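Below is one structure; the comments refer to it alone.
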Number of protein chains: 2
Amino acid sequence: MSENLKLSNQVCFPIYSLAKEVVSLYRPILQRLDLTYPQYLVMLVLWEEGTQNVSEIGTKLNLDSGTLTPLLKRLAEKNLIERNRSTHDERIVQVKLTASGQAIKTTAAEVPEQILNSLNVSIEQLEALKAGIDNILNQIKK
Amino acid sequence: MSENLKLSNQVCFPIYSLAKEVVSLYRPILQRLDLTYPQYLVMLVLWEEGTQNVSEIGTKLNLDSGTLTPLLKRLAEKNLIERNRSTHDERIVQVKLTASGQAIKTTAAEVPEQILNSLNVSIEQLEALKAGIDNILNQIKK
DNA sequence: CGTAATTAAGTTGTGTACAATATAATAGCA
DNA sequence: TGCTATTATATTGTACACAACTTAATTACG
C-alpha cells in the first residue's frame, strides 16, 4: 500500500482516538455537574440559545431523535430541562431549561478553563487544530 | 466568557463531530465487509501484526476488555477470528485470524482509497491535520 | 374538502464505550 | 509450601449513536 493510502488510517484513527480522549477529559470535570459530554452539549445549546425543539438541537449537535429522545428524558429526570409539546404544532417537543438547569450555568462556566488546562496545549496549537478540523468538516463529501 | 475560554468548546465539539463524521464515512464502505469501524481497526491490527492478546489489541486501540470482549465475540461469530486461551497462561486469550479473516484483507485493501476519496481533501491538508492531532494527543495531561 | 405526502418525535435493535466489579490464573514472597 | 498481590479477561450496568421503522400531526394539492 502506498504511503498516501496508508494516510487515511493514519489520520482517521487519531481522530477517533482524540475524540475519545477529549470526552474522557470532560468526564471527571462534568461529573461534578452530573452531566455526560453529550448532555453538556445539549445544555450549552439551551444556555446559549434558549428553548429549542428536539430537531433544532439535533441539527446543531448532529444527533438524531434516536439519540436525543432518551438523552433529553435523562436531563428531564435530573430536573434540568422540561419537555413540552407545542400547542401550536403537537408534533413538536420544546425543550426548556428549568430553574435548576439555568442555575448550574454558573458552575458550568468553569468547565472551559479546566478543559483548556487539562488539554495542556497552547492557544496557537488549538487554533491550528481547529482550522484543520473545520477545513475537513467543510469539505467531506456528504 | 473570554474568547480563549470559548475556544475549548470551539475545538472539542468539532473533534467530537469530526470523529462521528469519519466513522459514518467508513460505515457504507465497511458494510461490504460486514465490519464496523472498531471491528475494522481490530482486523487492521491482526493483518499487520498477526496473532495478538486481547490486552495487546486494547493497548494499540485504546479499548478495554469491556469493549473488546463482546466485539471479538462478534468477529468470531462471523468466522473472521479465533479466540483461544493460551496453554502457557490460561488468563490470556489469543486472537488469531481465520482463513476468512486473512482472505478479506484483499478486499479491505481498497478501503483507504475509498476513504481518501470521500474525505475529499488534499494530502497536504491531511498531513497538517494529522500533525495537529498528534501534537494534542501527545500533550494531553493524563 | 379529503387524501397522499411530509414532518417531528419516539421506539426498537445492534454495537460501541467505559466504570466498576467479578473470576480465575499466575507471580511474588515469607 | 501457602498466602497475598497482581494480572488478564469477562460481566454488569449505564449511556451514547444510528439505522430502520412507527406513530401522530400537519401540509400540500387535486
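Here is the naming used below: chain letters follow the sequence lines, and residue numbers restart at 1 for every chain. Worth saying up front: this structure is predicted, and the values here are computed from it rather than measured. These numbers come from the heavy atoms of this one structure, side chains and all, not from hydrogens, waters or symmetry mates.
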With sequence neighbours left out, what residues match [X] under side-chain contact (heavy atoms from CB on, under 4.5 Å)?
{"X": "Asp64(B)", "value": "Thr67(B)"}
{"X": "Glu49(A)", "value": "Gln52(A), Lys60(A)"}
{"X": "Ala19(A)", "value": "Ile15(B), Ala19(B)"}
{"X": "Ser55(B)", "value": "Asn53(B)"}

Once side-chain hydrogen bond (donor to acceptor under 3.5 Å, both in side chains) is applied, do any residues pair with [X], and if so which ones, sequence neighbours excluded?
{"X": "Arg91(B)", "result": "Asp89(B)"}
{"X": "Glu82(A)", "result": "Asn84(A)"}
{"X": "Lys130(A)", "result": "Asp134(A)"}

Quick one: which residue pairs count as a ring pair (Phe, Tyr, Trp, His ring centres under 6.0 Å) with a foot in residues 39-61 of chain B, not counting sequence neighbours?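 Found Tyr26(B)-Tyr40(B).
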In whole Å, what is the span from the [atom1] atom of [X] to the [atom2] atom of [N]?
{"X": "Tyr40(A)", "N": "dC16(D)", "atom1": "OH", "atom2": "P", "result": "16 Å"}
{"X": "Tyr26(B)", "N": "dA17(D)", "atom1": "OH", "atom2": "C1'", "result": "18 Å"}
{"X": "Tyr16(B)", "N": "dA15(D)", "atom1": "OH", "atom2": "P", "result": "15 Å"}

Reading nucleotides 1-14 of chain D 5' to 3', which nucleotides get B (base under 4.0 Å from a protein heavy atom), which S (sugar-phosphate only), which -? ------BSBBB---
Chain A footprint on DNA chain C, 5' to 3' - any atom under 4.0 Å from a heavy atom: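 First-to-last contact on DNA chain C, by the 4.0 Å heavy-atom rule, is dT7(C) to dA19(C).
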On the nucleotide dA17(D), are OP1 or OP2 found under 4.0 Å from the side-chain N or O atoms that Lys20(B) carries?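 Checking Lys20(B) against dA17(D): no side-chain N or O falls below 4.0 Å of OP1 or OP2.
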I need the Asn135(A) CG to Ser122(B) OG distance, nearest 0.5 Å.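 Rounded to the nearest 0.5 Å, the CG-OG separation comes out at 8.0 Å.
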Of all of residues 30-38 of chain A, which get a heavy atom below 4.0 angstrom from DNA chain D, listed by number?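 Here the set is Thr36(A), Pro38(A).
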How do Arg27(A) and Leu71(B) order along DNA chain C: which one's closest nucleotide is nearer the 5' end?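 Whichever sits nearer the 5' end wins; that is Leu71(B).
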Listing, residues 93-104 of chain B side-chain donor-acceptor contacts under 3.5 Å, not counting sequence neighbours, or none:
from	atom 1	to	atom 2	distance (Å)
Thr98(B)	OG1	Asn79(B)	O	2.6
Thr98(B)	OG1	Leu80(B)	O	3.1
Thr98(B)	OG1	Ser100(B)	N	3.4
Thr98(B)	OG1	Gly101(B)	N	3.1

Are Ile92(A) and Val42(A) linked, directly or through intermediate hydrophobic residues, by side-chain heavy-atom contacts shorter than 4.5 Å (ILVMFWY only)?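 No, it is not one cluster - the side chains of Val42(A) and Ile92(A) are not joined through contacts under 4.5 Å.
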